Amino acid sequence: MKIAVTGKGGVGKTTLAAVLARLYAEEGKHVLTADVDPDANLGLALGFSEEELLALTPLSEMSDLIEERTGTGEANFGKLFKLNPKVDDIPDRFSLEKNSVKLLIMGTVETGGSGCVCPEHVLLKRVVSNLIVGRDEVVILDMEAGLEHLGRGTADFVDMFIVVIEPGARSVQTYKKVKQLAADLGVKKVSVVANKVRSEDDKKFLIERIPENELIGFISYSEDLTDADRKGCSPYDTGGVAIDEIREIKNKIDFDTERNG
């Protein structure tokens, strides 16, 4: 099972990714999560402490590793570097585990424009590709609204793209943009989860704008989830209606994957 969760900041995609990871781990499955969002918050949502996360260096900041794997460094400055570096050992070597879920923090690459082909970006993209294509476990990617770490060939192996949105026109627009980005990568199926739903009017608003076969679930607005975020703890441990709703969404994901697999 390979799942990519995306959406704009603040919509609740990290909450969904973290709870899904904990639910799969609850079933005894091996679960590896990757925080691909530059604003990395997945660790706290999984239940790691701030102290534990401070000890985990993002891959994009591991200059010695990047130099070793891509063949860069002072001695080779200005020369060609490897575009297909060895990365299969990286997830196990540089991840932390808690509550039976492994966490890998990717970090971000600061660039002056799009289309960066720098050693850091090459390594991150190769790691993401390895997670999706080469790992025999549940992999959940907490991504930003863009899909630049994915490419043709890699995206084909993702079982489900999930866009998390809120009831609102701007959030629906984000879903449409992600759907187009995914289509550009050859992915035809993009699913939607609506978060922070407060009323039947919210549901009606979304049902009128999202195709029925793509809208796989609603998560009610929850003070418990808000409190968990404020306290920096895992929303999974709060319980409540929202967690039950995410469990239903997971069951839908499993059903759809089995049917299409």
Side-chain angles (χ1 to χ4, degrees), residues 1-6 9 13-14 17 21 30-43 46 48 52-97 101-159 161 178 181-182 184-187:
M1 177 72 73
K2 308 295 189 295
I3 302 171
V5 184
T6 185
K13 65 182 179 61
T14 296
H30 297 286
V31 183
L32 192 151
T33 63
D35 201 335
V36 194
D37 191 333
D39 185 20
N41 295 302
L42 182 59
L46 287 169
F48 289 90
E52 289 171 319
L53 294 172
L54 285 173
L56 188 60
T57 304
L59 290 183
S60 64
E61 298 177 15
M62 295 183 179
S63 56
D64 290 344
L65 176 70
I66 293 168
E67 290 180 7
E68 172 199 336
R69 297 304 171 90
T70 62
T72 56
E74 292 185 7
N76 296 311
F77 182 77
K79 298 181 180 179
L80 297 177
F81 57 86
K82 297 177 184 177
L83 297 177
N84 191 26
K86 173 181 169 60
V87 298
D88 58 331
D89 61 323
I90 287 176
D92 291 321
R93 283 184 59 191
F94 299 105
S95 61
L96 284 181
E97 182 172 349
V101 177
K102 291 181 180 179
L103 169 68
L104 187 67
I105 298 181
M106 306 296 287
T108 186
V109 179
E110 298 295 339
T111 65
S114 61
C116 169
V117 185
C118 54
E120 295 88 350
H121 184 80
V122 166
L123 186 77
L124 294 187
K125 194 164 185 175
R126 281 290 299 158
V127 170
V128 170
S129 178
N130 174 261
L131 292 176
I132 295 172
V133 178
R135 304 288 299 193
D136 185 21
E137 59 202 323
V138 175
V139 175
I140 298 177
L141 307 176
D142 181 13
M143 311 188 73
E144 57 182 334
L147 302 176
E148 63 272 8
H149 286 298
L150 298 176
R152 286 188 174 273
T154 298
D156 290 344
F157 289 88
V158 176
D159 292 295
F161 281 90
V178 172
L181 288 172
D184 292 343
L185 295 173
V187 177

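Quantities reported herein were computed from a predicted structural model and do not represent experimental measurements.
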Quiz item: What closest approach, in Å, do L104 and S95 show between heavy atoms, and which atom pair accounts for it?
Solution: CD1-N, 4.2 Å
Practice problem: Output, in order, the C-alpha distance, side-chain angles, deciding distance and verdict of side chain to side chain contact (heavy atoms under 4.5 Å, CB included) for L65 and E68. | Solution: CA-CA 5 Å; L65 176 70; E68 172 199 336; 4.3 Å; yes
Exercise. Over all heavy atoms of both residues, which pair between A17 and V5 is shortest? Give the atoms and the distance, please.
Key: CB-CG2, 4.2 Å
Quiz item: Any side-chain heavy-atom pair from L123 and I90 closer than 4.5 angstrom?
Solution: yes
Quiz prompt | Side chains of M106 and V128 in contact at under 4.5 Å (non-hydrogen atoms) | solution = yes
Quiz item: Does K102 have any side-chain hydrogen bond (donor to acceptor under 3.5 Å, both in side chains) partners at least two apart in sequence or in another chain, and if so, which?
Solution: D92
Exercise. Kindly determine whether L46 and T33 satisfy side chain to side chain contact (heavy atoms under 4.5 Å, CB included), including the steps that lead there.
Key: CA-CA 9 Å; L46 287 169; T33 63; 3.4 Å; yes
Quiz item: Does L59 reach the side chain of M62, with side-chain heavy atoms less than 4.5 Å apart?
Solution: yes
Exercise. Compute whether any side-chain donor of one residue and acceptor of the other, for T14 and D142, lie under 3.5 angstrom apart.
Key: yes
Practice problem: Not counting sequence neighbours, which residues clear side chain to side chain contact (heavy atoms under 4.5 Å, CB included) with N130? List them please. | Solution: V87, D88, P91, R135
Exercise. Please identify each residue that fulfils salt bridge (Lys or Arg N to Asp or Glu O under 4.0 Å) with D35, with sequence neighbours left out.
Key: none
Quiz item: Can you name the side chain to side chain contact (heavy atoms under 4.5 Å, CB included) partners of D89, sequence neighbours left out?
Solution: R69, K86, R93
Self-check item: From K2, M1, H30, residue fulfilling side chain to side chain contact (heavy atoms under 4.5 Å, CB included) relative to V138
Solution: M1
Quiz item: For P58 and G107, which heavy atoms make the closest approach, and how far apart are they?
Solution: CB-CA, 3.7 Å
Quiz item: Got a sec, which residues hit side-chain hydrogen bond (donor to acceptor under 3.5 Å, both in side chains) with T6, two or more places apart in sequence or on another chain?
Solution: none
Quiz item: Taking atom OG of S60 and atom CD1 of I105, what is their separation to the nearest 0.5 Å?
Solution: 10.0 Å
Self-check item: Steps toward side chain to side chain contact (heavy atoms under 4.5 Å, CB included) verdict (L103, F48)
Solution: CA-CA 9 Å; L103 169 68; F48 289 90; 3.8 Å; yes
Exercise. Sequence neighbours left out, what passes salt bridge (Lys or Arg N to Asp or Glu O under 4.0 Å) with E52? Give chain and number order.
Key: K98
Exercise. Check the pair L124 / V122 against side chain to side chain contact (heavy atoms under 4.5 Å, CB included), numbers first and verdict last.
Key: CA-CA 6 Å; L124 294 187; V122 166; over 6 Å; no
Quiz prompt | Straight-line distance of D37 CG to E144 CD, nearest 0.5 Å | solution = 5.5 Å
Self-check item: Inter-residue atom distance L131.CG - L141.CG, 0.5 Å rounding
Solution: 6.5 Å
